Each structure stands twice: as C-alpha cells, then as structure tokens.
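First comes the structure, then the notes that go with it.
What you see is a predicted model, and the numbers here were worked out from it, not measured in a lab.
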Amino acid sequence: MKKSVSWLLILTMLLLTVTGCSKSDSGDYEDVFYGTFSGEYKTINPYDLSSVTGYTIIANTIDGLVENDKYGTVVPSLAESWTNNEDYTVWTFKLRPDVYWVDSNGQKTEYKVTADDFVEGIRYIADPMNAAKNFKIISNVIAGISDYYYNLADIDEGVDIGMTREQVENSFEETVGVKALDEYTVEYTLNTSTPYFLSYLVMELFYPVEKEFLDKVGEDFATSKDTLLYNGGYYISTWERDKLIVLTKNDNYWDKDNITVKEINLQKVGDEITGLEMFQRGELTSCSVSAEQLKALKGTEWEKYVNLKEKNTVTFWFTMNYQSKNPEYKTFVNNLNFRKALLHGIDRVKISSLYESNQPEFFIRNTITPEDTVFDPNGLDYTDYPNLKPFKENNPYDPELAKEYMEKAIAELCSEDGNINGVNAGSVDMERIAKFDVDGKLPVDIVLATTTDPVETKKALLIAEMLKQNLGEENVNVIVGYAATSFQDEVFSPMNFDLVDDSYSFKFADPSANLERLTTDGSLNEGGYSIPEYDKLVEEASSKSDLVERYTLFSEAEKYMLDNVIIIPYMTGGGSYYMSKEIPFQTPKGQFGLTKYKVKGSKIQSEPVTKEQYEQLKAQHEEEIKKLFQEGN
C-alpha cells in the first residue's frame with residue numbers, strides 16, 4: 001500500500017513552480033542566510049504559529065514524520081517508512097532509531113525522539129487550555145479527538161458532562177486515535193477514509209514534543225531558546241526578542257549532510273524600505289519589493305534582479321450575505337440572475353492589477369480549489385476535470401451579460417414602477433459599518449465591507465465603480481463600509497455586510513479542504529446560505545476512497561457552487577516581487593504545512609539572481625518534474 005500512496009502524494013503535492021533565486025551549481029556558496037523579521041516574539045510555540053517568521057523558525061528546528069523534497073513530493077523525515085490499511089483509515093509509521101533532541105547549545109539531551117513524542121504532540125493540541133492554533137482543521141480527522149477536546153472545553157466552561165477533567169484526560173489513550181505501538185512505531189486511526197493523510201503531516205499540529213521536558217518547563221514552554229528542544233536541521237542559538245534571532249546548524253541532525261547553510265540570521269527590520277536598502281548594501285540574502293519600490297527600480301541596475309513569486313494555494317473570493325439586515329439586498333441576493341449579474345460585472349483583471357500590474361491575468365482564479373495542487377492517480381489535475389475546466393479557463397467578466405442578468409432579476413423581483421416586491425421602507429443598522437434608510441425601490445443598496453488598509457480601500461472603491469457601471473447606476477447603489485479594528489468582530493460575526501471579499505488558505509491535498517468547509521454548516525459559510533443539494537454531493541464525495549470517483553463527485557459539488565454563484569472566486573494569493581541571492585528550486589517545497597519554509601539544501605550565490613537565471617532554472621525544474629511523472633516515481 002505504501003508504494004501507491006507515495007505515488008499519490010507525488011501527484012498531489014508536486015509544485016510546478018516555486019520561488020527563490022539562482023546560480024549554476026559550480027562555485028562557492030555563502031554559508032549564512034541573512035533574513036529579517038518584524039514584531040516582538042514572546043513565544044515560538046510550535047502549535048501556536050501565526051507568522052512567516054514563526055513558521056520559518058519551527059520548520060528549521062523541528063522535524064515531523066514526513067517532509068517535501070524540492071519537487072514537492074512527500075518523502076521520509078523522522079519516519080523511515082509507513083503503511084496504511086486498505087481503506088486508508090489506519091496509518092502506521094516506523095521512526096528512525098536513535099535520533100536525539102538537542103538543546104539551545106546544540107548538545108544532545110538525554111531524550112530520544114520516540115513514538116511517544118508524537119502521541120504527546122497530539123495530546124497537547126487536544127487540550128483546549130493549550131489553545132493550539134488551527135486545531136479545527138484536524139478535529140474531524142483523528143478518531144475521537146473532537147469529543148475529547150470538546151469534553152475538556154465544556155468542563156473548563158463549567159458544564160457538567162458527568163466526568164471530571166482528570167477522568168477525561170485519563171481516557172485519552174482509549175478514546176483518541178493515536179498510539180505508540182512500541183518505541184519507534186506510531187499509529188493513527190482516522191474517522192474516515194483519508195488517502196491524502198500524508199499532506200496533513202507536514203503541518204505543525206502533527207509535530208512531536210518531549211513530555212518529560214514539557215512537564216519540566218511548564219508554562220514557560222517555548223518562551224525562550226532554553227525552554228524548547230530541537231530535532232531539526234537547526235537549533236535556536238540566539239533569541240533577542242526585539243533585535244536578533246539566530247538558528248545554528250545542528251551537527252547531530254539525522255540528515256546533516258543536506259544542511260548546506262550553517263546559520264540562519266534573522267534581524268529585526270521595521271519596514272520594506274529598510275529591507276531593500278540592506279539588500280542593496282549586501283546585508284541580506286533576500287528582500288521583498290513593493291509595487292512602489294518596483295517603479296523606482298525600473299531603469300536601474302537592480303531591475304534585472306527583481307523576480308515575481310509564483311501564485312500559491314490561497315484563493316480570494318466574494319461572499320454574499322443571504323441573511324442580510326438590508327431587505328433590498330436580501331431580496332436580490334437570493335435571486336440567481338442577480339448573483340450572475342455580480343459574477344459577470346466584476347473585472348478580476350482590473351482588481352488583480354492593483355497587486356500585479358505587469359501580468360495581472362496570471363493571478364486570476366475562477367475555481368474554489370486551486371490548480372496545480374490536487375492530482376488523481378492518472379496525473380490529471382482536479383481542476384481539469386470536465387466539470388471544472390470551463391470555469392478554470394474562462395474569465396466570466398462580461399459587462400453586457402451582467403446588464404442582461406440584472407434586467408432579468410429586476411423583471412422577476414420588481415414591479416413596473418421599480419418597487420421591490422415585498423420590501424417596505426425602513427432603516428438598516430450595521431453598526432460601525434453602515435447605517436442608512438431603505439425605500440424599497442430601485443436602486444438596490446449594497447453594503448460592500450472592507451478595511452481601512454489603503455490597498456483594500458482602493459479595491460473596494462474600484463469594485464463599487466464597476467458595479468455601478470456594469471449593473472447600472474439606476475439599479476444599484478454601493479455603500480462602502482469600513483471595519484476599523486477586527487474584521488471578524490465588526491463584519492463577519494455580526495454579519496454586517498452585503499458583499500465582502502477575503503482570502504482563504506487550502507490546508508491539505510484534497511478538494512474537501514475547502515468544499516467541506518463551504519457546506520451549509522461549514523466554517524466558511526459566512527453568508528448564511530442553505531444548499532442541501534450541495535451538502536449531499538459533498539457528503540457522498542467524502543465517503544469515497546477511489547480517488548477518481550471521489551474527485552468526480554467533488555467536481556460536481558464545486559460545479560454546483562459555481563453554476564449557482566453561491567460564492568465568487570476571483571484571484572489567487574502570491575505574486576509579490578522580491579530579490580534574492582538564493583538559488584531557486586533547491587529547498588523543500590510543498591503547497592501545505594511548514595516544510596516549504598525549510599532552508600535544507602539551500603545554495604546562496606554571491607550575486608543576486610537575474611530574471612534570465614530564474615527562468616532558465618524554472619524551465620529545468622519543470623522538465624525534471626515531467627520526467628518524474630513519466631517514470632512514475
């Protein structure tokens with residue numbers, strides 16, 4: 001079974017393009033990676049990460065069971081091998097023997113990395129008192145973990161469940177599907193068939209922790225370099241919260257021959273301008289380049305070193321509020337023709353150009369599931385399935401069609417004199433976002449919620465103008481409302497919006513990563529819709545182990561969402577500019593989890609990478625990937 005699963009993950013996790021910098025394989029390379037960070041880190045708890053800096057530190061200092069190679073293929077890390085049962089509900093991993101945790105001096109401790117450490121990692125995140133970030137992502141994956149977690153949460157909130165906290169804690173080994181079968185064998189039992197389980201294991205939630213050490217440091221866990229242990233390619237040797245973080249090569253690392261950079265040196269820098277200046281002085285290995293900086297670099301000697309990062313699995317989409325406090329909009333949004341008017345009235349290319357003016361079309365995405373991310377055993381991209389390929393390949397922007405659908409919606413919802421059927425005059429109170437009166441007549445008031453960020457504000461005003469022009473100023477009136485503090489608290493939770501856009505990450509290698517979260521009761525249903533037909537399709541797809549059958553059913557579910565314009569995907573994440581001296585396509589790359597932040601295998605040349613070098617290495621990398629597919633490795 002392992003061989004077939006390995007092939008599956010090769011297909012599902014290959015990255016067709018990745019970011020970085022280049023040079024030929026000949027010559028000497030620098031052995032220190034100089035980077036930056038912003039903000040002060042009071043803790044770097046592996047299970048509570050929220051920044052690229054945190055991901056980078058933990059990815060390079062703690063290993064999990066598996067990782068990605070430079071092609072994105074899942075390969076062994078602390079697990080030497082693994083097997084699964086026929087229906088992919090039980091997975092068993094054999095660990096490398098005699099791997100030791102090291103301290104902040106790089107010295108071996110008394111602690112070996114064992115199967116118990118992976119059990120303790122799950123026990124840690126399954127306790128709500130530890131506030132593990134992203135727990136919900138795996139809450140329905142491991143058997144029994146959800147009930148265990150929420151039983152503890154209920155007890156902590158004073159709910160009588162007929163058991164004490166200690167009794168629930170003592171039930172962990174019997175009720176939660178993770179076990180140490182022996183010193184170097186760990187077994188996971190899952191709720192349902194999960195052929196893509198390996199893509200979860202690159203997440204920090206599956207990382208190990210040493211229990212005796214954890215008990216010793218208590219609440220101080222991961223608050224300093226001395227209250228964290230390391231089994232990865234590096235250890236934290238310096239941690240000055242508001243100044244400097246240094247990771248030093250771990251000479252006791254199981255794969256130390258592939259740790260090519262001896263030190264990762266992260267300096268605190270407050271802004272992009274300072275970072276660019278430091279890079280130009282030779283003080284940094286890489287730096288980001290803002291749109292304004294890009295304009296300033298054009299025509300200079302530095303222009304040839306600016307490269308564009310590839311798009312990633314983050315997807316931006318518009319959410320419509322089907323339970324809106326605004327009766328005019330609520331009437332219209334529950335009409336399919338109006339939603340199609342919105343779909344065809346929004347110019348995705350123009351929005352994308354706010355972020356990438358040179359090739360904005362490249363970052364358009366019209367599917368919910370990202371392309372180049374999920375592949376079936378035949379090597380077919382899920383987004384190339386017949387149900388989805390037309391959406392993937394065609395930009396729906398069409399002002400004339402938008403007007404046509406708007407006229408159909410008006411004919412269905414309004415009287416001849418422009419009164420909206422069933423809507424009376426009244427007041428709408430969306431608190432800080434918007435307060436206004438409605439008269440129950442055209443034009444339809446639409447509250448577009450955004451933030452005070454300059455780019456987001458510019459985007460919202462641009463969308464408002466698009467809708468006014470393409471749906472007709474006499475038909476729609478867009479009110480832009482601004483969240484001043486927390487978007488979740490001011491907009492999403494109280495549903496103070498009619499139309500809003502946001503970005504959503506794709507967490508593991510299966511269409512269910514987004515599609516299950518978009519069901520009627522799903523966590524991403526911010527619009528309050530009810531779509532039992534879609535729910536049924538997702539439920540049926542989720543029950544299938546055969547990947548072609550599974551993906552076919554999921555593609556039907558996704559087609560339902562897109563045909564009925566329940567949400568409107570429009571753009572990918574990624575696409576920022578940068579300069580770097582690091583050769584691209586050498587370090588571990590993956591669409592999920594932390595291993596894409598590893599520096600393992602990095603090669604740093606003395607001069608920045610040029611556009612020409614990058615494109616040459618990109619083409620070479622893609623040829624290597626094609627060869628992997630052809631060989632079936």
Side-chain angles (χ1 to χ4, degrees), residues 314-335 338-348 350-352 354-355 364-366 368 396-397 402 428-436 438 443-468 470-471 476-505 514 517-520 522-531 561-562 564-573:
V314 170
T315 300
F316 289 77
W317 65 64
F318 289 97
T319 294
M320 294 163 280
N321 187 351
Y322 294 83
Q323 305 295 329
S324 177
K325 300 172 183 177
N326 172 6
E328 293 183 354
Y329 180 81
K330 183 178 180 180
T331 297
F332 268 80
V333 78
N334 283 284
N335 177 274
F338 175 71
R339 298 198 300 274
K340 287 185 176 181
L342 293 176
L343 171 73
H344 295 295
I346 295 173
D347 188 343
R348 293 144 182 78
K350 191 170 286 188
I351 296 173
S352 179
L354 293 174
Y355 303 90
I364 302 307
R365 177 177 292 152
N366 299 313
I368 299 168
Y397 179 60
V428 176
D429 184 359
M430 294 190 184
E431 302 172 82
R432 296 181 182 179
I433 304 305
K435 294 181 181 180
F436 56 97
V438 293
V444 180
D445 289 318
I446 303 174
V447 177
L448 174 61
T450 187
T451 71
T452 54
D453 175 84
V455 176
E456 292 301 307
T457 296
K458 188 175 181 180
K459 178 170 68 174
L461 295 174
L462 179 64
I463 294 167
E465 185 62 24
M466 285 177 197
L467 295 179
K468 183 175 74 172
N470 296 333
L471 274 63
V476 296
N477 173 50
V478 181
I479 302 167
V480 179
Y482 300 91
T485 54
S486 167
F487 203 77
Q488 182 65 45
D489 292 342
E490 293 184 62
V491 177
F492 277 133
S493 292
M495 299 188 78
N496 286 331
F497 70 94
D498 288 331
L499 184 66
V500 69
D501 83 292
D502 206 346
S503 60
Y504 300 89
S505 58
N514 275 351
R517 295 192 293 164
L518 285 167
T519 56
T520 299
S523 62
L524 296 185
N525 180 5
E526 305 281 7
Y529 52 74
S530 176
I531 42 176
M561 289 287 283
L562 298 173
N564 289 280
V565 199
I566 305 301
I567 60 173
I568 304 176
Y570 71 94
M571 191 174 70
T572 76

Self-check item: Spacing of CG belonging to Asn321 relative to CE belonging to Met430, to within rounding of 0.5 Å
Solution: 6.5 Å

Quiz item: Less than 4.5 Å apart, any side-chain heavy atom of Asn525 and any of Thr519?
Solution: no

Quiz item: So, Arg348 side chain and Ile364 main chain: donor-acceptor pair closer than 3.5 Å or not?
Solution: no

Quiz item: Quick check, are the ring centers of Trp317 and Tyr504 under 6.0 angstrom apart?
Solution: yes

Exercise. Verify the distance criterion only: is there a donor paired with an acceptor across the side chains of Thr315 and Arg365 at less than 3.5 Å?
Key: yes

Quiz item: Taking side chain as C-beta onward, heavy atoms only, is Val428 less than 4.5 Å from Pro327?
Solution: yes

Self-check item: Option among Leu342, Val480, Leu448, Val478 that satisfies the side chain to side chain contact (heavy atoms under 4.5 Å, CB included) test with Ile463
Solution: Leu448

Quiz item: Got a sec, which residues hit salt bridge (charged side-chain N to carboxylate O under 4.0 Å, His left out) with Asp501, two or more places apart in sequence or on another chain?
Solution: Lys459

Practice problem: Looking only at non-hydrogen atoms, find the nearest pair between Asn496 and Ala449 and report the distance. | Solution: O-CB, 4.2 Å

Exercise. Could you tell me whether the side chain of Thr451 reaches within less than 4.5 Å of the side chain of Phe487, counting heavy atoms only?
Key: yes

Quiz prompt | Under 3.5 Å donor-acceptor, Asn470 side chain and Gly345 backbone | solution = yes

Self-check item: Interatomic spacing from CZ in Phe497 to CG in Asp502 - rounded to 0.5 Å
Solution: 10.0 Å

Exercise. For residues Ile479 and Ala434, report the shortest heavy-atom separation together with the two atoms involved.
Key: CG2-CB, 4.4 Å

Practice problem: Provide the closest heavy-atom pair for Thr450 versus Thr457 in the form atom of the first, atom of the second, distance. | Solution: OG1-N, 4.2 Å

Exercise. Say whether, by atom type as modelled, one donor and one acceptor occur between the side chain of His344 and the main chain of Tyr397 under 3.5 angstrom.
Key: no

Practice problem: For the pair Glu465 (side chain) and Leu461 (backbone), establish whether a donor and an acceptor sit closer than 3.5 Å, ignoring hydrogens and angles. | Solution: no

Practice problem: Using modelled atom types only, decide if a donor and an acceptor are shared between the side chain of Glu328 and the backbone of Asp445 within a distance under 3.5 Å. | Solution: yes

Practice problem: Taking the side chain as every heavy atom from C-beta outward, state whether Asn335 and Phe332 have any atom pair closer than 4.5 Å. | Solution: no

Exercise. Decide yes or no for Asp429 and Phe436: does some side-chain heavy atom of the first lie under 4.5 Å from some side-chain heavy atom of the second?
Key: no

Quiz item: Are the side chain of Arg517 and the backbone N or O of Leu524 linked by a donor-acceptor pair below 3.5 Å?
Solution: no

Practice problem: Would you check if the side chain of Asp453 reaches a backbone N or O of Val455 as a donor-acceptor pair within less than 3.5 Å? | Solution: yes

Practice problem: Taking the side chain as every heavy atom from C-beta outward, state whether Met495 and Ser324 have any pair of such atoms under 4.5 Å apart. | Solution: no

Quiz item: Between Gln488 and Ser493, is any side-chain donor less than 3.5 angstrom from a side-chain acceptor?
Solution: yes

Self-check item: Aromatic plane relationship, Tyr529 with Tyr322 - under 30° parallel, 30 to 60° tilted, over 60° perpendicular
Solution: perpendicular

Self-check item: Pairwise distance CZ(Phe492) to OG(Ser486) - rounded to 0.5 angstrom
Solution: 10.5 Å

Quiz item: Hey, what do you get for CD1 (Ile567) to CG (Asn514), rounding to the nearest 0.5 Å?
Solution: 8.0 Å

Quiz item: Within a strict 4.5 Å, meaning less than it, do heavy atoms of the Ile568 and Met320 side chains meet?
Solution: yes

Quiz prompt | Asp498/Asn326 under side chain to side chain donor-acceptor pair (under 3.5 Å): CA gap, chis, key distance, verdict | solution = CA-CA 8 Å; Asp498 288 331; Asn326 172 6; 3.0 Å; yes

Quiz item: Does any N or O in the side chain of Asn477 come within less than 3.5 Å of the main-chain N or O of Val444, such that one atom is a donor and the other an acceptor?
Solution: no

Practice problem: Would you confirm whether Thr319, through its side chain, and Leu499, through its main-chain N or O, come within 3.5 Å as a donor-acceptor pair? | Solution: no

Quiz item: Do the non-hydrogen side-chain atoms of Tyr329 and Val438 ever get within less than 4.5 Å of each other?
Solution: no

Exercise. Could you tell me whether a side-chain N or O of Glu490 sits under 3.5 Å from a main-chain N or O of Ala484, the two making a donor and an acceptor?
Key: yes

Self-check item: Shortest non-hydrogen contact from Arg432 toward Thr485
Solution: NH1-OG1, 4.0 Å

Quiz item: Which value, rounded to the nearest 0.5 Å, describes the distance between Lys458 atom NZ and Ile351 atom CD1?
Solution: 13.0 Å

Exercise. Could you tell me the separation between the CE atom of Met561 and the CD1 atom of Ile531, rounded to the nearest 0.5 Å?
Key: 4.5 Å

